[in-house]
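One structure is given below, encoded as structure tokens.
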Amino acid sequence: MMKLTRPFHGIILILFVMLAINSTSATTKYNVLSFGAKPNGKTDSTKAFLMAWEAACSSADSTMIYVPKGRYFLGSMAFKGGCKSPQITIRIDGTLVAPQDYRVLGKSTDWLSFEGVNGVSILGGALDAKGPSLWACKASHSNCPSGATTLSFSNSKNIRIRRLLSLNSQMFHIVINGCENVHVQGVRIIAAGDSPNTDGIHVQLSKNVNIIKCAIKTGDDCISIGPGTKNLWVEQVTCGPGHGISIGSLAKDLKEEGVQNVTIRKTTFMGTQNGLRIKSWARPSTGFVQGVRFLDSLMRNVQNPIVIDQNYCPHNLNCPNQVSGIKIKDIIYEGIRGTSSTEVAIKFDCSPKNPCTGIRLQNVNLSYLNKPAQSSCSNVRGKALNLVQPENCL
């Protein structure tokens with residue numbers, strides 16, 4: 001009888017471990033059709049989706065909720081955490097459709113919300129929130145509801161959103177609030193350029209968030225970065241139409257968490273209202289912005305390519321007319337190039353009480369109508385390195 005050598009014992013042990021891992025990592029699949037969902041775009045499938053979530057959530061295995069091709073009519077849904085399943089993947093091959101009557105969703109804060117979840121991934125699919133009828137209501141100055149965010153994650157960890165299409169949100173498309181370790185990649189967002197408050201991706205009170213290779217066309221900020229955002233990485237994002245990528249608005253509250261360690265690189269802005277913007281209301285606040293890197297951005301016919309606005313007050317209505325308490329420091333603009341659609345391509349309008357400090361411009365080349373643009377500075381300290389056009393005012 002052959003005697004097993006020690007290495008052979010090791011190989012058998014490894015095989016047993018691999019089998020054990022495979023047996024515990026098997027994914028249990030839940031098809032929403034099995035819970036009564038109808039892919040006809042007319043039958044209300046809300047209950048079926050919530051039942052599928054409950055089944056996946058209560059399983060001890062890694063799970064997948066599968067949404068086959070078709071259109072699924074859904075009302076407002078909240079997917080709650082506290083799950084046994086360590087990993088829930090929602091794979092969508094179809095389109096989720098909101099009610100045609102904007103009042104049904106409009107009274108809710110969110111259409112699809114995930115609250116206190118861990119290890120949830122959304123792969124593929126489309127979300128059609130039927131927003132234009134609410135936008136039209138708001139344009140007519142009628143008595144309209146605020147509208148719902150299409151997809152919201154709050155107080156959640158280890159979230160993945162890939163290859164998702166968000167279409168015509170009533171309000172914000174995607175909100176990441178109070179979350180940690182979030183990866184958004186290959187997402188497309190589409191709404192009309194004049195659609196109100198339809199921010200593409202909004203991040204606040206969250207850390208370790210990556211937004212990669214996304215295309216955002218909307219009526220408000222393509223990406224808005226709120227208080228309490230830390231360790232945010234944005235790369236290869238295309239924006240336009242829209243209001244650009246904005247940190248803020250800040251100083252909404254007296255006590256406010258800061259924004260720090262943000263990198264925005266390899267972005268493209270096409271016909272947007274702003275490019276790279278930091279904005280705060282002119283009122284007291286404990287908030288701050290520091291450690292921000294704007295790198296390698298291309299501007300195409302952008303109204304305000306580079307702007308810090310500490311007197312933010314849209315439409316000049318109910319302006320606080322005080323002084324911004326937000327402290328802005330250590331901001332780098334490097335490799336920013338392209339065209340401005342207005343004469344002033346760089347505008348730093350900082351707080352007289354808390355001037356912007358540590359502002360650095362490096363290899364910036366922005367033109368207006370094939371000639372050098374202008375820059376405007378107020379209460380800002382910093383320096384320019386290498387080529388900087390327009391002529392800097394630091």
Side-chain angles (χ1 to χ4, degrees), residues 81 109-110 113-118 149 151-159 161 171-184 197 199-211 220-234 243-264 274 276-294 307-314 319-320 322-332 348-359 379-380:
T109 305
D110 306 300
S113 66
F114 291 81
E115 303 167 11
V117 301
N118 189 353
T149 289
L151 176 63
S152 170
F153 281 89
S154 60
N155 303 315
S156 299
K157 294 181 179 181
N158 305 313
I159 305 303
I161 306 171
M171 282 273 286
F172 290 14
H173 287 258
I174 299 173
V175 168
I176 299 163
N177 177 35
C179 295
E180 184 177 348
N181 299 334
V182 179
H183 189 89
V184 180
N197 302 117
D199 291 41
I201 301 173
H202 178 72
V203 183
Q204 67 178 25
L205 300 171
S206 298
K207 62 182 180 180
N208 304 333
V209 177
N210 296 330
I211 301 171
D220 211 294
D221 292 331
C222 290
I223 297 174
S224 52
I225 302 160
T229 299
K230 183 178 180 180
N231 303 339
L232 171 66
W233 187 280
V234 176
H243 292 181
I245 294 178
S246 294
I247 296 176
S249 58
L250 304 175
K252 291 180 180 178
D253 300 305
L254 176 60
K255 291 188 176 181
E256 196 171 70
E257 291 191 39
V259 175
Q260 57 188 317
N261 194 18
V262 173
T263 299
I264 314 286
N274 306 287
L276 305 166
R277 174 168 64 159
I278 300 173
K279 56 179 177 174
S280 77
W281 294 86
R283 62 166 66 102
S285 174
T286 60
F288 62 86
V289 180
Q290 68 181 40
V292 178
R293 307 289 180 262
F294 296 114
V307 57
I308 297 177
D309 181 4
Q310 291 205 261
N311 291 290
Y312 176 71
C313 185
C319 300
Q322 300 179 64
V323 176
S324 177
I326 299 293
K327 296 178 177 64
I328 298 174
K329 67 177 184 179
D330 185 21
I331 314 295
I332 293 176
F348 295 134
D349 183 12
C350 297
S351 167
K353 183 179 179 181
N354 300 292
C356 301
T357 60
I359 309 301
N379 306 308
V380 57

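Along the sequence shown, residues are numbered consecutively beginning with 1.
With sequence neighbours excluded, no residue satisfies salt bridge (Lys or Arg N to Asp or Glu O under 4.0 Å) with Glu257. Ser113 is linked by a side-chain hydrogen bond (donor to acceptor under 3.5 Å, both in side chains) to Glu115, counting only residues two or more places apart in sequence or in another chain. Listed by chain and residue number, nothing satisfies the salt bridge (Lys or Arg N to Asp or Glu O under 4.0 Å) test with Arg283 (two or more places apart in sequence, or in another chain). Residues passing the ring pair (Phe, Tyr, Trp, His ring centres under 6.0 Å) test with His243: none are found, sequence neighbours excluded. Considering only residues two or more places apart in sequence or on other chains, Thr109 meets the side chain to side chain contact (heavy atoms under 4.5 Å, CB included) condition with none of them. Scanning for side-chain hydrogen bond (donor to acceptor under 3.5 Å, both in side chains) contacts around Asp309 gives an empty result, with sequence neighbours left out. By the salt bridge (Lys or Arg N to Asp or Glu O under 4.0 Å) test, Asp110 pairs with no residue at all, sequence neighbours left out. With sequence neighbours left out, Asp220 forms a side-chain hydrogen bond (donor to acceptor under 3.5 Å, both in side chains) with no residue at all. The disulfide (SG to SG under 2.5 Å) test applied to Cys179 returns no partner, not counting sequence neighbours. Looking at residues two or more places apart in sequence or on another chain, you find a ring pair (Phe, Tyr, Trp, His ring centres under 6.0 Å) between Phe294 and Tyr333. Contacts of Ser249 classified as side chain to side chain contact (heavy atoms under 4.5 Å, CB included), with partners at least two apart in sequence or in another chain: Lys252, Lys279, Trp281, Tyr312.
Between Ile328 and Val380, the closest side-chain pair of non-hydrogen atoms is not below 4.5 Å. The shortest distance between side-chain heavy atoms of Ile245 and Ile225 falls below 4.5 Å. Proximity of Val203 to Val182: side-chain heavy atoms (C-beta onward) are nowhere separated by under 4.5 Å.
Sorted by first and then second residue, the side chain to side chain donor-acceptor pair (under 3.5 Å) pairs involving residues 173-182 (not counting sequence neighbours) are Asn158-Asn181, Ser166-His173, Asn177-Gln204, Asn181-Asn208.
Taking all atoms of both residues into account, the shortest heavy-atom contact from Ser224 to His202 is OG-ND1, 2.7 Å.
With hydrogens and angles ignored, the 3.5 Å screen pairs a side-chain donor or acceptor of Gln310 with a backbone N or O of Ile326. Using a distance-only test at 3.5 Å, with no hydrogens or angles considered, no donor-acceptor pair links the side chain of Ser280 to the main chain of Ala251. At distances below 3.5 Å, not a single donor-acceptor pair connects side-chain atoms of Asn155 with backbone N or O atoms of Gly116. Distance alone, capped at 3.5 Å, is enough to place a donor-acceptor pair between the Ser206 side chain and the Gly178 backbone.
A side-chain contact (heavy atoms from CB on, under 4.5 Å) with Leu232 is found for one member of Val259, Ile211, Asn261 and no other, namely Ile211.
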